[in-house]
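Proteins come first, then strands; the chains are lettered A, B, ... in the order of their sequence lines, and each starts at number 1.
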Amino acid sequence: MEDVEHIEKKMKLIDENGLRLDGRKPEDMRPIRMEVGVLKRADGSAYIEWGGNKVLAAVYGPREAHPRHLQDPTKALVQCRYNMAPFSVTERKRPGPDRRSVEISKVISEAFDSVVFSEQFPRASVDIFIEILQADAGTRCAGLTAASIALADAGIPMRDLVASCAVGKIDGVVCLDLRKEEDNYGDADMPVAMIPRTGEVLLLQMDGHLTLDEFDKAFGMVKDAIGGIYEMQKDALRKRYAVTAEEFSDLPEQAPPERRAPPEREAPPEMPPEDGEVPQ
Amino acid sequence: MEDVEHIEKKMKLIDENGLRLDGRKPEDMRPIRMEVGVLKRADGSAYIEWGGNKVLAAVYGPREAHPRHLQDPTKALVQCRYNMAPFSVTERKRPGPDRRSVEISKVISEAFDSVVFSEQFPRASVDIFIEILQADAGTRCAGLTAASIALADAGIPMRDLVASCAVGKIDGVVCLDLRKEEDNYGDADMPVAMIPRTGEVLLLQMDGHLTLDEFDKAFGMVKDAIGGIYEMQKDALRKRYAVTAEEFSDLPEQAPPERRAPPEREAPPEMPPEDGEVPQ
Amino acid sequence: MEDVEHIEKKMKLIDENGLRLDGRKPEDMRPIRMEVGVLKRADGSAYIEWGGNKVLAAVYGPREAHPRHLQDPTKALVQCRYNMAPFSVTERKRPGPDRRSVEISKVISEAFDSVVFSEQFPRASVDIFIEILQADAGTRCAGLTAASIALADAGIPMRDLVASCAVGKIDGVVCLDLRKEEDNYGDADMPVAMIPRTGEVLLLQMDGHLTLDEFDKAFGMVKDAIGGIYEMQKDALRKRYAVTAEEFSDLPEQAPPERRAPPEREAPPEMPPEDGEVPQ
Amino acid sequence: MTELISELQRERVYRLAASGTRSDGRTPEEVRPLTIEKNYIKNAEGSARVKLGNTDVLVGVKVELGVPYPDTPDSGVLSTGAELIPMASPYFESGPPRPDAIEIARVVDRGIREAHTIDFKKLCITPKEKVWICFVDMHVLDYDGNLFDAASYGAMSALTCTKVPASKIGKEDYPLPIQHYPVSVTAAKIRDVIVIDPNRQEEQIADARLTIATDENGDIRAMQKGLRGSFSYEEISRVIGLALKASEVIRTKIKA
Amino acid sequence: MTELISELQRERVYRLAASGTRSDGRTPEEVRPLTIEKNYIKNAEGSARVKLGNTDVLVGVKVELGVPYPDTPDSGVLSTGAELIPMASPYFESGPPRPDAIEIARVVDRGIREAHTIDFKKLCITPKEKVWICFVDMHVLDYDGNLFDAASYGAMSALTCTKVPASKIGKEDYPLPIQHYPVSVTAAKIRDVIVIDPNRQEEQIADARLTIATDENGDIRAMQKGLRGSFSYEEISRVIGLALKASEVIRTKIKA
Amino acid sequence: MTELISELQRERVYRLAASGTRSDGRTPEEVRPLTIEKNYIKNAEGSARVKLGNTDVLVGVKVELGVPYPDTPDSGVLSTGAELIPMASPYFESGPPRPDAIEIARVVDRGIREAHTIDFKKLCITPKEKVWICFVDMHVLDYDGNLFDAASYGAMSALTCTKVPASKIGKEDYPLPIQHYPVSVTAAKIRDVIVIDPNRQEEQIADARLTIATDENGDIRAMQKGLRGSFSYEEISRVIGLALKASEVIRTKIKA
């Protein structure tokens with residue numbers, strides 16, 4: 001009952017033609033643009049614009065974990081810090097971590113933990129920094145997607161890229177990639193991260209209300225979307241290395257940009273393996 | 001003068017028959033019930049209901065003190081953390097230590113410090129956790145009393161049990177074991193902890209107003225009460241070990257509950273020594 | 001334009017005779033009184049009254065820097081903590097460092113860092129504590145001036161004393177050593193610290209508005225003032241050691257006041273060298 | 001400081017789980033004994049002490065007067081906190097809540113808030129000015145695995161017996177308006193084996209964790225995946241099924 | 001970081017105390033020279049710098065407008081803080097107050113509050129809305145033992161010269177209404193010897209500490225036992241007697 | 001954790017600077033390429049992303065309703081913060097701002113506030129009650145030296161495009177009233193050599209730092225000396241001259 005009342009009062013999110021506020025169909029994503037290697041100081045970095053989201057990701061490591069008592073003698077720590085800039089949201093956010101960003105940092109760290117070959121770097125840390133510069137719902141998916149290619153840019157050995165997207169329900173319709181008004185006034189939101197090639201789900205959260213059928217539909221929809229994002233990630237990485245190669249050929253005299261060699265690092269897989277073989 | 005006015009205005013705490021709000025006589029205590037070994041994870045534990053107070057105590061140790069730079073090479077640290085649950089009081093208490101709980105933690109730590117044979121465990125810590133689940137005045141006495149039998153339950157070698165009770169003054173009459181309204185509107189409150197057998201005072205605080213005669217009367221009253229609490233503590237410990245023995249005979253196949261052996265611990269004195277001999 | 005309006009509205013700080021609120025001429029300083037060796041526990045200490053300012057400075061060290069991971073294997077850390085007592089200002093200040101005191105602590109630390117022969121004490125720290133007991137503008141200059149003689153009192157080897165004073169502009173006139181109302185309603189304030197003998201500027205801050213000519217005038221004025229403060233510092237140190245000598249002759253039986261010998265310290269330069277020779 | 005577990009133990013716990021009989025004798029689809037004691041704390045407007053096996057959680061609800069959020073001027077406010085106090089485990093430390101505790105609190109919070117468990121409109125006194133604030137504090141007393149579910153059952157149980165103290169403002173006390181009874185069930189994946197309501201040892205060696213909250217209609221109200229491992233779509237579907245099955249008897253106990 | 005003391009020193013200080021003449025020449029029942037300088041800080045509504053031997057404490061009282069506590073709507077508010085700043089001892093650290101400082105502040109606070117030292121009703125301006133708040137800040141400048149008493153004398157001395165700045169609200173300034181003059185005296189027990197007003201060395205080797213505040217009528221207003229050692233009833237009674245004896249001349253100085 | 005630099009590198013960077021051609025090919029008096037992208041963040045009332053060489057700073061200005069300070073009842077409020085987030089350098093750590101970040105924020109803040117850059121009177125809505133608060137948040141994304149200037153240019157650029165959202169209170173949005181355009185220029189002294197706009201390597205080996213903000217009239221609006229080294233009067237004068245010279249083209253970019 002209360003749900004009905006709630007729906008009646010709230011903003012109409014899908015029009016008579018089945019289109020969303022910004023003219024998208026339920027299965028449409030917002031425009032996405034990504035770029036690898038955008039920061040000078042970080043070992044790896046990426047920038048993503050995803051609808052109204054502007055997100056930077058940077059990676060440092062593998063480097064000595066500190067403080068020392070947190071070191072794991074068997075593997076590298078994979079730790080993510082998700083942070084929103086104070087001006088990224090409508091109402092200014094106080095600087096520093098709040099409970100929401102602590103939780104998101106935790107689930108993103110866990111999502112990457114089994115993908116990075118962390119056993120190769122005992123006592124080390126791989127540090128992922130995600131900065132939300134401008135927020136418009138779906139920031140954790142955007143950040144995770146960018147962090148994945150920033151890890152590749154840093155030459156961190158990984159089983160594969162991770163890609164992420166959210167799916168939700170608005171006005172009773174399962175829709176992909178909610179924007180802010182849809183998230184605020186919608187019925188459900190479900191961010192998902194996967195290894196696109198294998199379908200392994202590394203991040204899954206959901207709140208609101210989904211029937212079992214809706215869940216199945218939503219899952220199928222977001223799986224497809226994640227496949228598309230994976231292709232964009234690979235394009236962005238290819239573009240980066242193509243440009244680098246070009247730069248090198250243009251500037252034969254200049255030394256390659258300095259980058260700290262990680263301890264005993266394997267040759268970085270510039271591109272994720274296309275076949276299903278997982279090295280170990 | 002102002003005291004007179006103060007008394008006139010405030011709640012009447014003793015009626016014409018000399019009885020208190022809950023029908024007690026000045027020298028009456030509230031009902032007390034204690035139980036040893038109530039938690040599975042802790043090395044020792046106890047629960048106490050004392051009037052409207054519900055208090056849990058848990059003990060861990062002796063274990064390696066950390067952070068390491070706090071270790072004492074000559075003895076174990078005996079450290080207590082007294083904490084009130086947010087819902088334990090009428091107005092919700094913000095989680096985390098406030099100044100009151102820091103002070104109480106300090107005086108309880110000090111009260112146990114010379115009773116535990118801490119010299120047997122250099123670089124170790126004996127950690128006492130007191131959680132006030134429901135508060136009705138006298139929580140530090142209840143917590144200390146419970147912690148004492150939790151220490152015994154953990155097998156921590158001690159000179160003897162410590163028992164505690166408060167005494168105060170309400171409507172000008174010296175009364176034992178104040179409850180909340182009596183504490184709020186009374187004239188004085190004096191929590192005391194002792195080794196009951198020797199009369200050594202390990203904790204003593206007092207605020208309000210007592211003449212010298214009143215102090216003498218109050219002290220005698222609380223000393224007797226503490227003697228009674230000591231008997232209850234011993235009963236609770238006896239009951240615990242009786243039950244354990246029974247359980248063992250019922251379940252001959254099952255191994256005893258696992259408990260980390262403290263480093264080079266003496267056989268735990270299951271019952272405090274009845275004679276005055278103090279080993280060292 | 002707005003400056004004009006601002007000036008029109010604000011308090012008149014210089015009268016028709018060119019005199020300031022407290023009768024000073026632009027180049028006049030407030031009365032200053034300093035005393036060395038005022039605390040028993042600290043290795044060195046000094047007290048300064050400067051107009052309405054009352055400031056204590058204490059020095060501990062060279063002593064082992066802690067926490068250990070902050071130690072510098074090549075030199076001692078010179079670290080200052082500038083702190084205002086809660087009651088030192090008109091409106092009570094919450095205890096603990098605010099952003100202002102963090103900045104002032106930083107610039108004072110830097111001012112002393114190259115003056116102390118810190119290379120003589122690797123892994124050590126020289127800790128300077130400045131407490132503003134009563135504030136009336138110019139506290140950082142007063143604190144720095146007092147800290148300098150407290151360092152000498154502690155026997156810390158230094159190239160020379162550092163002295164400090166502020167200069168500013170009020171009602172469009174360059175004036176020395178602003179007091180509180182002048183600072184609040186004035187046009188500019190510029191605290192300066194120097195090694196008076198060499199003219200090396202170790203601290204320089206300025207905010208407000210100065211033309212280039214005004215800056216030159218202000219700098220000349222404050223340089224002269226700092227020369228005068230330097231003489232007062234030397235007097236205060238002479239007086240201290242004279243008194244000590246007297247005390248010793250009066251009390252031949254008593255041992256000199258205990259003072260921890262710093263590791264391999266050079267004989268403390270009781271008086272800064274009068275010639276320009278700078279050792280090391 | 002995290003708890004370490006030997007390879008031997010790890011192997012033993014996995015073998016048992018894979019064999020269909022777990023270390024504590026349960027089947028993979030079996031929840032530990034659950035006891036709920038409501039109204040445990042008289043100073044709270046609602047409370048419940050929940051024992052899920054040896055995991056022991058006390059939840060208190062305080063309802064106090066306060067100001068609504070500007071963007072929901074006619075709704076009461078929910079504030080949820082979890083404390084993993086050092087009494088409950090040698091590996092819990094005092095201090096501000098760590099990520100583990102924050103995650104639990106937030107998952108429970110979303111489970112209540114986004115599932116429209118409470119009709120917050122009925123907690124409004126004067127729009128924009130005065131509403132009731134519900135503080136739900138989850139106090140973990142003894143940790144033996146699966147805090148997500150134990151805390152969630154404690155929170156739901158405490159809410160179902162919470163009285164809004166409207167007599168403070170001259171009206172009559174009334175029960176908190178509960179609309180739904182979502183029940184969370186957590187599964188642990190140990191290599192290829194999935195068990196629900198993992199105990200402490202199982203949790204320590206689990207590769208991945210999945211919490212599913214379902215409501216009285218069999219719909220999903222919240223999900224949260226945790227730990228470094230992954231789930232396939234089929235595994236997720238299976239956990240949803242297990243959650244639906246296990247939730248009914250638990251819901252009955254919570255409503256009782 | 002705690003100060004360490006050698007066994008040799010420990011033995012020497014005990015022997016001296018036991019002999020009846022302490023390391024600084026005092027008898028066991030003798031308080032160190034006490035000087036009180038009132039109105040030391042002009043920016044404070046009341047202040048006093050107290051030297052008890054070489055222990056040096058500066059106390060400032062700020063009186064500001066504020067809102068009363070809901071449960072005492074017609075009373076002013078007292079807020080007491082102690083800071084053991086690192087200037088005063090190589091073993092004091094900067095940062096938030098540690099248990100030592102908190103205990104001192106709370107004992108002084110209770111000594112003022114529970115002993116009805118101030119008539120807080122006279123600090124009420126408009127019930128429920130506006131009252132005077134007294135911030136008593138105890139700033140320890142030099143530590144040479146017995147901060148409990150030095151801080152307490154400083155607080156009482158500062159309060160006795162505090163003016164309520166009622167001119168800010170269009171009335172006349174008036175002195176803070178002091179009703180009692182409790183004086184605390186602290187004893188240290190070193191093995192079997194009891195000395196009052198312990199200096200730093202005595203404090204370091206003391207087994208137990210007992211602070212007794214008595215008022216002008218010879219009644220007890222506050223007690224606080226500290227450290228790991230114990231007191232017998234007879235020892236407590238003796239300390240009360242010593243406190244009563246020593247307090248008179250101190251009270252005269254505080255009231256002066 | 002501070003960045004260490006070898007003696008060899010130190011010598012190399014100094015030699016280059018002394019030779020008149022710096023490690024990045026600039027002359028000592030040359031500022032790195034500066035690009036300013038205004039209105040970068042749509043959720044902010046003003047914003048600018050500034051790249052000074054490889055140093056990359058994003059500044060957002062949020063303008064919100066609030067209460068004025070009691071001592072300036074008819075003025076808006078400025079609140080300035082800088083965060084050296086760990087993304088920008090391996091030597092920046094998360095957590096509350098450290099002294100470096102605080103110094104930058106405060107120098108930028110004074111440069112705006114004390115130089116009367118903004119007419120704060122025009123940010124007053126109702127004296128004593130309601131004013132506009134400007135939050136200027138400087139977010140350092142990539143650190144390659146000279147944050148003082150990059151942050152300052154970012155703040156000034158963001159302010160120049162900031163709209164006061166007066167439509168929220170039924171009026172018309174209007175641009176923030178900027179009165180002055182102070183431009184800061186920072187010099188580093190490496191032994192006897194002075195360079196402006198130091199890059200990261202130069203900053204690491206610098207003995208002293210001097211920041212001078214000058215306005216459109218050639219007057220000085222702020223100064224801040226840093227690091228352990230010293231400046232003579234002549235050196236300060238020289239830096240003022242360099243700052244005046246370099247500031248003009250920068251001011252044009254900021255105003256654009």
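- Aromatic ring orientation, A:Y47 versus F:Y40: tilted (interplanar angle from 30° to 60°).
- If you measure heavy-atom distances from A:D127 to chain F, you find no contacts under 4.5 Å at all.
- F:R49 and A:L56 make their closest contact through NH2-CD1, 4.3 Å (heavy atoms, listed as atom of the first residue, atom of the second, distance).
- For A:K75, the NZ atom counts as densely surrounded, since its 6.0 Å shell holds more than 12 non-hydrogen atoms of other residues, nucleotides or ligands.
- Here the straight-line distance linking atom CZ of F:F135 with atom CZ of A:R94 works out to 9.5 Å at 0.5 Å rounding.
- You'll find the side chain of A:L133 reaches within 4.5 Å of the side chain of F:L141, heavy atoms only.
- Shortest non-hydrogen contact noted between A:H66 and F:E93 is CE1-OE2, 4.0 Å.
- With hydrogens and angles ignored, the 3.5 Å screen pairs no side-chain donor or acceptor of F:K62 with any backbone N or O of A:K93.
- Listed options A:S45, A:P95, A:G52 were ranked by heavy-atom pairs under 4.5 angstrom with chain F; first place goes to A:P95.
- Crowding of F:K168 atom NZ: a count of heavy atoms from other residues, nucleotides or ligands under 6.0 Å exceeding 12.
- Taking a 6.0 Å sphere around NZ of F:K38, one finds it holds more than 12 heavy atoms contributed by other residues, nucleotides or ligands.
- By the neighbour-count criterion of 12 heavy atoms within 6.0 Å, atom CZ of F:R10 is densely surrounded, having more than that number from other residues, nucleotides or ligands.
- Residues passing the salt bridge (Lys or Arg N to Asp or Glu O under 4.0 Å) test with A:E181, sequence neighbours excluded: A:R179.
- The line from CG of A:L39 to CE of F:M87 is 6.0 Å long, rounded to the nearest 0.5 Å.
- Between F:H139 atom NE2 and A:N83 atom CG the span is 5.0 Å, to the nearest 0.5 Å.
- In terms of heavy-atom proximity, F:P90 sits nearest to A:Y60 at CD-CE2, 3.4 Å.
- Between F:L58 and A:E131, the closest side-chain pair of non-hydrogen atoms is not below 4.5 Å.
- In this structure, the separation between CG on F:N43 and CD1 on A:I132 is 12.0 Å, given to the nearest 0.5 Å.
- With rounding to the nearest 0.5 angstrom, the CD atom of A:Q79 is 9.0 Å from the OG atom of F:S94.
- Listed here is the closest heavy atom pair of F:Y143 and A:R41: O-CD, 3.5 Å.
- The shortest heavy-atom contact between A:D136 and F:K42 is OD2-NZ, 4.3 Å.
- For a residue to count as touching a neighbouring chain, one of its non-hydrogen atoms must lie under 4.5 Å from one of that chain's; by this rule A:R81 touches chain F with the side chain only.
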